[in-house]
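Just below is one structure, and these are the notes that go with it.
These numbers come from the heavy atoms of this one structure, side chains and all, not from hydrogens, waters or symmetry mates.
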Amino acid sequence: MRDNGRVTSAIREPETPAAATPPRLIATDLDGTLLRDDKSVSPRTVAALAAAEEAGIEVFFVTGRPARWMDVVSDHVHGHGLAICGNGAAVVDLHGGPGAHRFVKVRELPRGNALDVVGLLRDAAPGTVYAVEQTYGFHQEPEYPKLHMEIPDDLAPAEELLAPDSPTADEPVLKILAYHPELEPDAFLTLARLAIGDRATVTRSSPSALLEISGPGVSKASTLALCCAERGISHEEVVAFGDMPNDVEMLTWAGRSYAMGNAHPDVLAAASGRTVANNDDGVAVVIEQLLDGRR
């Protein structure tokens, strides 16, 4: 879903009172936003992140990725070392490096809700297959495709993986991944939201028909709001960046928000501003302008 074309202007400034509020925190998505398509962080972006931290602006990575996939940015977490992972399901301290992260906050998907979701979505969209993301483990159904560069810990039907007496029942469930081999991605998202209702939060960040299902009320926005409240930071003092539907709530909540030039149409509609594409360092472009405005 990255065929929206390049914007002609680097940035369209948001026309809100928040534009005059000095930023205290930058919240940025990773894939399709901060990261280039080859999953690298460009030298320009590295410099911009460091300059923001040096200027006293906290930088939070807010991603759908699990904690174990955060090695791509673990060298750029600076002082606080925290990241919001799993679309808000966990706040993670990355200081220990890959494989040694510490969960600071976990907002789990209750197993009862998860089992309800699996049943409802099986009825609404026959052919759906599942994977289960836990704090440290990844489990999937045998039919679930190899969408991730990892070997699952277990292969079993989702109902067994989520059962109260499963071997991993003591480990929190962060989210369910639901894949459909035939449905169009946005149609699958709409169908799932209608079927599941308030039992869970449903979103997506993949170009395929892959849904990410978290606990009720759990989103990038709600967890970011909790982290900001702990720091005495208001939403007007937050600048956010994103490119896919799982970023919409965060972009709507933040005082200033920027859709990438490669963003999904829903993101373009939700953000108060727009920057160039991830491969053109769109996050760095905005940070540089924000810092120039503070001088």
Side-chain angles (χ1 to χ4, degrees), residues 23-109 133-138 148-151 153 171-175 177 205 212 214-215 218-233 238-244 246-247 250 254 278 281 283-284 287:
R24 293 181 58 196
L25 187 142
I26 291 168
T28 179
D29 173 50
L30 294 181
D31 297 281
T33 300
L34 188 81
L35 303 180
R36 291 188 168 185
D37 286 348
D38 63 3
K39 306 306 178 185
S40 68
V41 184
S42 74
R44 181 180 182 181
T45 297
V46 170
L49 295 176
E53 293 273 3
E54 186 176 347
I57 303 172
E58 285 197 68
V59 176
F60 261 69
F61 301 127
V62 188
T63 178
R65 286 178 172 235
R68 64 184 178 277
W69 288 7
M70 294 299 288
D71 57 303
V72 291
V73 291
S74 58
D75 291 337
H76 312 299
V77 292
H78 300 284
H80 60 82
L82 299 179
I84 295 172
C85 298
N87 290 327
V91 180
V92 182
D93 185 341
L94 302 178
H95 274 134
H101 50 264
R102 178 175 65 89
F103 285 89
V104 176
K105 189 189 301 290
V106 172
R107 304 181 69 197
E108 67 183 292
L109 171 61
E133 186 77 61
Q134 295 186 256
T135 43
Y136 292 101
F138 178 77
H148 316 285
M149 299 299 290
E150 61 185 321
I151 299 173
D153 298 299
E171 186 180 343
V173 174
L174 298 186
K175 65 180 179 179
L177 299 167
S205 61
E212 301 164 61
S214 306
V218 175
S219 68
K220 290 185 175 186
S222 61
T223 301
L224 178 60
L226 291 173
C227 292
C228 287
E230 292 169 355
R231 289 159 175 75
I233 297 173
V238 176
V239 179
F241 299 87
D243 74 308
M244 288 296 281
N246 63 330
D247 297 312
M250 178 175 73
N278 62 317
D281 301 328
V283 173
I287 293 175

Looking only at non-hydrogen atoms, find the nearest pair between [X] and [Y] and report the distance.
X    : Y    : answer
G232 : R24  : O-NH1, 3.0 Å
R68  : G137 : NH1-O, 4.4 Å
T135 : F103 : O-CZ, 3.1 Å
A83  : M70  : CB-CE, 3.7 Å

If I take atom [atom1] from residue [X] and atom [atom2] from residue [Y], how far apart are they, to the nearest 0.5 angstrom?
X    : Y    : atom1 : atom2 : answer
M250 : S222 : CE    : OG    : 11.5 Å
L34  : K39  : CG    : NZ    : 11.5 Å
R44  : D281 : CZ    : CG    : 5.5 Å
I84  : L224 : CD1   : CG    : 4.5 Å
C227 : L82  : SG    : CG    : 7.0 Å
N246 : D29  : CG    : CG    : 6.0 Å

Working for side chain to side chain contact (heavy atoms under 4.5 Å, CB included), residues L109 and V218: CA-CA 9 Å; L109 171 61; V218 175; over 6 Å; no
Partner residues of E230 under the side-chain hydrogen bond (donor to acceptor under 3.5 Å, both in side chains) criterion, sequence neighbours left out: K105
Full working for side chain to side chain contact (heavy atoms under 4.5 Å, CB included) between V238 and C228: CA-CA 9 Å; V238 176; C228 287; 3.7 Å; yes
Are [X] and [Y] side-chain neighbours, meaning at least one heavy-atom pair lies under 4.5 Å?
X    : Y    : value
L35  : N278 : no
V92  : F61  : no
R65  : L30  : yes
L25  : F60  : yes
L174 : P66  : no

Counterpart residues, side chain to side chain contact (heavy atoms under 4.5 Å, CB included), relative to Q134 (two or more places apart): R111, V132, H139, T168, E171, V173
Qualifying residues under side chain to side chain contact (heavy atoms under 4.5 Å, CB included), relative to A52, sequence neighbours excluded: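 Checked A52 against side chain to side chain contact (heavy atoms under 4.5 Å, CB included); matches are I26, I57, V59, I287.
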Whether K175 side chain and E212 backbone form a donor-acceptor pair below 3.5 Å: no
